[in-house]
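Report on the following structure.
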Amino acid sequence: MTIRGLEVSLEGHEILCDLELSVRRGEILALLGPSGCGKTTLLRTIAGLQAPDGGSVSWAGEDQRSVPAHRRRFGMVFQDHALLPHRNVGANVAFGLRMQKVPAAERRRHVAEMLDMVGLDGYERRGVATLSGGEAQRVALARALVTEPKLLLADEPFAALDRPLHDRLLADVRHILTELRQTAIHVTHDHAEAFAIADRVALMRDGRIHRTATPQQLRDDPQDAWTATFLGLGTIWQPAGGVPRTGGQDVSTPWGTVTLTASVPTEPPPRGEFCILIRPEAVRPGGSSGVRAHLSDVRVVGDRTVATFHIPGAPPLEAYVPTDVTPGRHYRITLDPKGVTLLSPEP
């Protein structure tokens, strides 16, 4: 699928602006961005539920603007499941097949196969009101996939689930889509979710695609301060006048001098003004040398202990620390150059 110059305005407000995006066959693409950046509008436009003001959406070279939504053969999964409450699980999954006039025996076979694939073997006669949130989302996925859509569109499908169920279902869906070689666009504002499910991530900002890359590329080389901040990769520091353009140079920071090892980002800023990202793993507290910093807060995030250090005149610095540190105390900290990345400043 290819999108060129897409423009959408709603009630006089520009939502999508000259947007460009491509999705490869068999690829899972995560559409990631903050609330209000236009993700859902883009998904609705691709599906044919929202008419664009300009630009094109094409599939296999065919412009989809004149193709109504029900003829595009794009499946959709929503956050609220959108199941038919008066029909059982089997009838919900079979709904699209009925619209395609698939014979009854063939419908039953396809429904049984798809329910088995999503882990709901034997659920055909269950009422949808008896399902848990995770089961209902699996039924919604089965209904979308059973018609063998050319493209699956998923709009924040796991947002309402508790974290353990969310993570388990996320892994299952990734496995199912990969096994089926299903082309999919998955919308989310959660970067951990996007990184877990996607082959590539399209990072969206203010109605445009800011950057498209693999999860590993975004994590290892965020390139600019906005991306690093949105992904929560660490502390951004930009001195007056910027920092040197190339690696191999010493930079004096509030937390001590660090030798840059990174090269200039792929898209350098026009004036050559750079900032640096200090990742939490770069901060080394507790040694006998280094800059004295106040530890103001300690919290557990996943399987890590994260501390926040303060130095007058500098932004708060987050660090991964051992569990035996004490809030309120002062520690000497140094920076490991391997965890310091050169960035373009936020535009």
Side-chain angles (χ1 to χ4, degrees), residues 30 32-35 79 132-134 137 156-175 186-198 201 203 214-222 225-237 253-256 258 275-341 343:
L32 173 67
S35 297
Q79 180 180 336
S132 67
Q137 200 56 278
E156 302 269 12
F158 311 131
L161 303 178
D162 62 76
R163 200 71 206 185
L165 179 58
H166 170 284
D167 293 348
R168 185 166 66 251
L169 188 55
L170 185 65
D172 289 346
V173 170
R174 162 79 187 177
H175 174 76
H186 180 95
V187 165
T188 180
H189 64 276
D190 182 342
H191 68 269
E193 179 176 308
F195 285 10
I197 198 170
V201 176
L203 193 57
T214 67
Q216 195 70 45
Q217 286 169 335
L218 285 175
R219 185 184 293 111
D220 292 348
D221 183 20
W226 183 85
T227 300
T229 300
F230 178 69
L231 297 179
L233 297 181
T235 300
I236 306 295
W237 180 69
T253 79
W255 308 279
V258 60
C275 57
I276 58 175
L277 164 67
I278 303 170
R279 299 176 187 268
E281 58 267 30
V283 183
R284 299 283 188 264
S288 58
S289 61
V291 176
R292 191 169 182 265
H294 178 256
L295 196 165
S296 64
D297 177 64
V298 177
R299 65 193 186 280
V300 176
V301 180
D303 60 350
R304 294 183 182 271
T305 302
V306 182
T308 303
F309 290 97
H310 287 270
I311 292 174
L317 186 65
E318 291 197 333
Y320 297 143
V321 296
T323 57
D324 59 352
V325 295
T326 305
R329 289 186 56 187
H330 285 80
Y331 292 85
R332 292 197 173 274
I333 60 174
T334 56
L335 300 180
D336 181 351
K338 293 179 181 178
V340 179
T341 305
L343 300 176

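- In this structure, Leu203 and Trp226 have side chains that are in contact, with non-hydrogen atoms separated by less than 4.5 Å.
- With rounding to the nearest 0.5 Å, the separation of CD1 in Ile197 from OG1 in Thr188 is 9.0 Å.
- The CG atom of Leu165 lies 10.5 Å from the CG atom of Leu170; values are rounded to the nearest 0.5 Å.
- Across every non-hydrogen atom of Val291 and Pro254, the tightest pair is CG1-O, 3.7 Å.
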What's the verdict on side chain to side chain contact (heavy atoms under 4.5 Å, CB included) for Asp336 and Glu281, showing C-alpha distance, side-chain angles and the deciding distance?
-> CA-CA 8 Å; Asp336 181 351; Glu281 58 267 30; over 6 Å; no
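- A distance of 9.5 Å separates CG in Leu335 from OG1 in Thr235, rounded to the nearest 0.5 Å.
- Not one N or O on the side chain of His330 forms a donor-acceptor pair closer than 3.5 Å with the backbone of Arg292.
- Taking all atoms of both residues into account, the shortest heavy-atom contact from Arg332 to Gly290 is NH1-O, 2.8 Å.
- Counting non-hydrogen atoms of neighbouring residues, nucleotides and ligands closer than 6.0 angstrom, the NE2 atom of His175 reaches no more than 12 such neighbours.
- Looking at Phe158 and Val173, their side chains come closer than 4.5 Å, going by heavy atoms from C-beta outward.
- Panel note: side chain Arg279, backbone Gly234; no donor-acceptor pair is recorded below 3.5 Å.
- The minimum heavy-atom distance between Thr334 and Ser289, with the atom names listed, is CG2-O, 3.9 Å.
- Taking the six-membered ring for Trp and thresholds of 30 and 60 degrees, Phe195 and His191 have ring planes more than 60 degrees apart, a perpendicular arrangement.
- The two residues Ala194 and Val201 come nearest to each other via the heavy atoms O-CG2, 4.2 Å.
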Just do the side chain to side chain contact (heavy atoms under 4.5 Å, CB included) check on Leu295 and Arg329 with the steps written out, would you?
-> CA-CA 6 Å; Leu295 196 165; Arg329 289 186 56 187; 5.6 Å; no
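- The salt bridge (charged side-chain N to carboxylate O under 4.0 Å, His left out) analysis of residues 156-165, with sequence neighbours excluded, yields the pairs Arg163-Asp167, Arg163-Asp190.
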Expected list for residues 308-327: side-chain donor-acceptor pairs under 3.5 angstrom, two or more places apart:
residue	atom	partner	partner atom	Å
His310	NE2	Ser296	OG	3.1
Glu318	OE2	Arg299	NH2	2.5

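- Minimum interatomic distance between Gly134 and Leu169 (heavy atoms only, all atoms of both residues): O-CD2, 4.2 Å.
- Checked by atom type and distance alone, the side chain of Gln137 pairs as donor or acceptor with a backbone atom of Pro157 at under 3.5 Å.
- Checked against Leu277 for a side-chain contact (heavy atoms from CB on, under 4.5 Å), the options Thr227, Leu343, Val340, Thr229 give a single hit: Leu343.
- Looking at heavy atoms from C-beta onward, Leu32 lies in side-chain contact with Leu231 at the 4.5 angstrom threshold.
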